[in-house]
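Data block below; observations after.
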2 protein chains.
Amino acid sequence: MTQAFSTKHRILGAAEELFARHGFGSTSLRQITSHADVNIAAVNYHFGSKENLVEELFRRRMDQMSTDRRNALQKALSDKDVTLESVLRAYIEPALQMGRKHNGGHFVRILARAYAEQNDRLRKFLSENYGSVQRDFAKAIDQVRPGLSKEQMYLRLDFVAGALTYTLSEFGMVKRAAGVSEAQHLDKLTDTLISFCSAGFKS
Amino acid sequence: MTQAFSTKHRILGAAEELFARHGFGSTSLRQITSHADVNIAAVNYHFGSKENLVEELFRRRMDQMSTDRRNALQKALSDKDVTLESVLRAYIEPALQMGRKHNGGHFVRILARAYAEQNDRLRKFLSENYGSVQRDFAKAIDQVRPGLSKEQMYLRLDFVAGALTYTLSEFGMVKRAAGVSEAQHLDKLTDTLISFCSAGFKS
DNA sequence: GTCTATAACCTGATAGAC
DNA sequence: GTCTATCAGGTTATAGAC
């Protein structure tokens, strides 16, 4: 019992890093347990199977990000001067800040992997558990910027999610320059993305 | 010799479908050859290794898409009434049309996977071979819409690529409605994305 | 809760017959 | 160019001692 949390936590941490780097299929439980410095059998003891480990890992991070987004949205809406920009910020900033606030920098890349996945189980899990966040933001955007059809609204929200994820996976051409701190880089990225997307929503 | 192309082609086709569905690491050569109805040893005979198979597969599709984009860009620039919208269309439309023109519908999902990959070899391969296309588009956008710094330009191009890929991987909330044809759906998607992104570039 | 040992199986790759 | 057979090593999962 005393080490239970520690071991479980270490497994989750190592799994997150390795899944982000090499993907689910290419990462073996042996690599994970070796990296986490725990026994191979611990995975099955604590999670039951590799598939369950993936799901717990997803749940942990998505809950964090969704909570952050909801809180930020509520705060934005409670302001009298709520704008499209402030609503979009509530959606974008929590994702971009995940890495620093929760030490979850690897998760965004895992999320990017999930997008490419045709895995019905994973898609259903995500849509059932976190689809309501998207709907809340759609509602909020409709308040500050009415007139978009439901289809146009969700299409544009998909564009935002795509631009956000792609940027976060650090695949694109823009890398952080040598003299710029991580925080500065993220701030500039956030601002540019918000202004890009709010212009897009107004189009 | 007589069957060489056929076998090679069948392997590439099956690999593309399965890599898109399950990822590189989770797809075995046995699954591929069984799906392609060829002998397991044929992969090594024709490609040498799994890694080479992946690279040939990438090269085949990326060459198609890059050529289509370059041609479309040249055509757009040769028009006296070239606009930001027409340049963005030259970037976006070839990707969205890949599935229908070249029967490469699976490839966009593979590309989305590649984005999430931290595989240095793959990243280097893509950036070395196809980075010039991005640069050509950056130059073209600067002609029709001057003023963006190099960093801001590439940042926004990354947003476009992200929104495009995400949309193409059919992960988002917007699905094609029952009464709408694939072609109509793609056309609407293209137009919305172009207007979203050109507004973003003007912001 | 943690460990070792092992079962049962799948993996990429290749040698060699045809 | 295509096949079978096989290698060496990796995989998840679990039984059972501590």
Side-chain angles (χ1 to χ4, degrees), chain A residues 1-60 110 113-114 117-122 125, chain B residues 1-60 110 113-114 117-122 125:
Chain A
M1 193 69 164
T2 55
Q3 291 283 41
F5 172 78
S6 170
T7 295
K8 218 179 152 174
H9 195 262
R10 288 224 301 286
I11 293 173
L12 281 170
E16 196 163 74
E17 184 177 337
L18 292 169
F19 283 152
R21 218 191 295 279
H22 308 296
F24 301 117
S26 306
T27 304
S28 70
L29 295 182
R30 281 181 154 77
Q31 288 175 287
I32 293 170
T33 52
S34 146
H35 198 267
D37 205 30
V38 302
N39 189 273
I40 165 78
V43 171
N44 266 277
Y45 178 79
H46 287 287
F47 298 95
S49 70
K50 186 180 181 179
E51 210 173 19
N52 281 353
L53 167 61
V54 171
E55 199 165 307
E56 269 212 47
L57 189 153
F58 248 95
R59 195 185 302 278
R60 181 174 75 149
I110 294 185
R113 279 181 190 282
E117 206 79 25
Q118 246 182 348
N119 183 335
D120 285 339
R121 189 186 160 185
L122 180 59
F125 167 75
Chain B
M1 194 68 163
T2 55
Q3 292 281 42
F5 173 78
S6 171
T7 295
K8 221 180 152 173
H9 195 262
R10 287 222 301 286
I11 292 173
L12 280 171
E16 196 161 74
E17 184 177 336
L18 292 170
F19 283 152
R21 219 193 292 281
H22 308 296
F24 303 116
S26 307
T27 304
S28 70
L29 295 182
R30 283 181 158 78
Q31 288 175 286
I32 293 170
T33 51
S34 145
H35 197 268
D37 205 30
V38 303
N39 190 273
I40 166 78
V43 171
N44 266 280
Y45 178 78
H46 287 288
F47 298 94
S49 70
K50 187 181 180 178
E51 212 172 17
N52 281 354
L53 167 61
V54 171
E55 200 164 306
E56 270 212 44
L57 188 154
F58 253 95
R59 193 184 303 278
R60 182 176 72 150
I110 294 185
R113 280 183 189 281
E117 206 81 24
Q118 247 185 346
N119 183 333
D120 284 341
R121 188 186 161 186
L122 182 58
F125 167 74

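Basis for what follows: all heavy atoms, side chains included, without hydrogens, waters or symmetry-related copies. Only a predicted model underlies this, so the values are computations on that prediction, with no experimental measurement involved. So you know, we letter chains A, B, ... as the sequences are listed, proteins then strands, and number each from 1.
- Going from atom CZ of F24(B) over to atom C1' of dG12(C) covers 17 Å, rounded to whole Å.
- Nucleotide dT11(C) holds its P atom 10 Å from the CD1 atom of I32(B), rounded to whole Å.
- Residue contacts shown for A41(B) include a base, since a base heavy atom lies under 4.0 Å away.
- With DNA chain D read from its 5' end, the first of the two nearest nucleotides for Q31(A) and I40(B) is the one closest to I40(B).
- Nearest heavy-atom pair across A14(A) and A36(A) is CB-CB, 3.7 Å.
- The closest donor-acceptor contact from the side chain of T27(A) to the backbone of F24(A) lies at 3.5 Å or more, if one exists at all.
- As a whole-Å value, the separation of Y45(A) OH from dA15(D) C1' is 15 Å.
- A straight line from NZ of K50(B) to P of dC10(C) spans 15 Å, rounded to a whole angstrom.
- Residues F47(A) and K8(A) share a closest heavy-atom pair of CZ-CG, 3.6 Å.
- Contact between the side-chain N/O atoms of N39(B) and the OP1/OP2 oxygens of dT4(D) is found at a separation under 4.0 Å.
- For the pair T7(B) and dT2(D), the criterion of a side-chain N or O lying under 4.0 Å from OP1 or OP2 is met.
- A side-chain contact (heavy atoms from CB on, under 4.5 Å) with L57(A) is found for one member of N52(A), I11(A), L12(A) and no other, namely L12(A).
- Atom CG of L29(B) is separated from atom P of dC3(D) by 16 Å (rounded to the nearest Å).
- Residue-level contact check: T33(A) touches neither bases nor backbone, having no heavy atom under 4.0 Å from any strand.
- Classification of R60(A) and E56(A) as a salt-bridged pair fails, no side-chain N sitting under 4.0 Å from a carboxylate O.
- Here the P atom of nucleotide dT11(C) and the CZ atom of R30(B) are 7 Å apart, to the nearest Å.
- Taking atom CG of residue N52(A) and atom P of nucleotide dT14(D), one finds them 11 Å apart after rounding to whole Å.
- Between N44(A) and S28(A), the residue anchored nearer the 5' end of DNA chain D, judged by the nucleotide with its closest heavy atom, is S28(A).
- Whole-Å rounding puts the H46(A) NE2 to dC3(C) C1' distance at 12 Å.
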